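Here's the structure we're looking at; comments come further down.
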There are 2 protein chains.
Amino acid sequence: MNDAFKALSDPTRRKILQLLKERDLTAGEIADQFNISKPSISHHLNILKQAQLVQDERQGQNILYSLNLSVMQEAMGWFLGMIGTKGDGHDDERK
Amino acid sequence: MNDAFKALSDPTRRKILQLLKERDLTAGEIADQFNISKPSISHHLNILKQAQLVQDERQGQNILYSLNLSVMQEAMGWFLGMIGTKGDGHDDERK
DNA sequence: CATCTAATTAGACAATAAGCTAAATATTAA
DNA sequence: TTAATATTTAGCTTATTGTCTAATTAGATG
């Protein structure tokens, strides 16, 4: 979960996720969208993979990346908890 | 928005936000919850303030911090967009 | 005004992270 | 098996970040 937040803190990685939202892409197709060297993109992809935000699958010469939404949903749960009723779970706010 | 994601990437700062969810706290009260020096906490608070995730208000000798949920809601919007229908907005997926 | 408390600012330092080039691995194809 | 393509791994450099101590600012109080 901490890995996910760390991974999401980089704008390049967030953009990669947005690209993968449209469709699955190979490492090369992803790299083509950025002015960043392929090894650097590979590194970003690895960080996203560690955080379980993406999955990869070799398809012949290519490696196809796809979104893994389950961790993203977890992260969203964190926000929901944060936005929920102020003070929930501790103080007694009943009227 | 990028500042918000950056701010959220640190576990100490996320914990600060969770404390503030329960109730508004002074800088000192926040610092008391951590094994980290006051200046370091002050720095974290400043990052949260830059990201507009918290607000501060001086009250006499103390400075009271409180959550600002609007940016958090924006960030959650990002997740909602990500979790929404795959490929939305670009490919034609009508059946 | 002198002093005490609360909090921040300044400056230093070690660890982390993002980027690059060059080299290595894996797969396909000639 | 040699060559070509796709991707990753290794190693390095620079920038950013989290932490600390010491010094400063701001308000409250004797």
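Keep in mind that this is a model prediction, so the values were computed, not measured. First the proteins, then the strands, lettered A, B, ... as listed; each starts at 1.
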Ignoring hydrogens and angles, does a donor from either the side chain of B:Q61 or the base of C:dT5 sit under 3.5 Å from an acceptor on the other?
yes
By the 4.0 Å heavy-atom rule, please label B:F34 as base, sugar-phosphate, or nothing.
nothing
Working for side chain to side chain contact (heavy atoms under 4.5 Å, CB included), residues B:R13 and A:F5
CA-CA 12 Å; B:R13 289 193 289 265; A:F5 275 108; over 6 Å; no
Hey, does B:H43 reach any base, or is it just sugar-phosphate, or nothing, if we go heavy atoms under 4.0 Å?
base
A:L69 and B:M82: which non-hydrogen atoms are nearest, and at how many Å?
CD2-O, 3.9 Å
For B:D10, answer base if it contacts any base atom (sugar-phosphate contacts may also be present), sugar-phosphate if it contacts only those atoms, and nothing otherwise; contact means non-hydrogen atoms under 4.0 Å.
sugar-phosphate
Does OP1 or OP2 of C:dA7 have a side-chain N or O of B:N62 closer than 4.0 Å?
yes
Using a 3.5 Å distance criterion without hydrogens, assess whether the side chain of A:N62 forms a donor-acceptor pair with backbone atoms of A:T26.
no
I want to confirm an ordering. Mapping A:K38 and B:E29 to their closest nucleotides on DNA chain C, which one lands closer to the 5' end?
B:E29
Please work out if B:K49 contacts a base, only the sugar-phosphate, or nothing of the nucleic acid, heavy-atom cut-off 4.0 Å.
nothing
Between D:dT7, D:dT19, D:dT8, which nucleotide gets closest to the side-chain atoms of A:T26?
D:dT7
Classify B:I41 by what it touches in the nucleic acid, base, sugar-phosphate, or nothing, heavy-atom distance under 4.0 Å.
nothing
Atom-to-atom span, CZ of B:R58 to P of C:dA7 - whole angstrom:
8 Å
Rounded distance in Å - CD1 (A:I36) to P (C:dC20):
6 Å
May I ask you to evaluate whether B:Y65 reaches the phosphate of C:dA6, defined as a side-chain N or O under 4.0 Å from OP1 or OP2?
no
Check this one for me: any side-chain N or O of B:S37 less than 4.0 Å away from OP1 or OP2 of D:dT19?
no
Would you say C:dC20 has OP1 or OP2 under 4.0 Å from some side-chain N or O of A:S40?
yes
Between A:K6 and C:dA17, is there a side-chain N or O to OP1/OP2 distance below 4.0 Å?
yes
Which residue, A:I47, A:L48, A:L67, A:D10, forms the side-chain contact (heavy atoms from CB on, under 4.5 Å) with A:I16?
A:L48
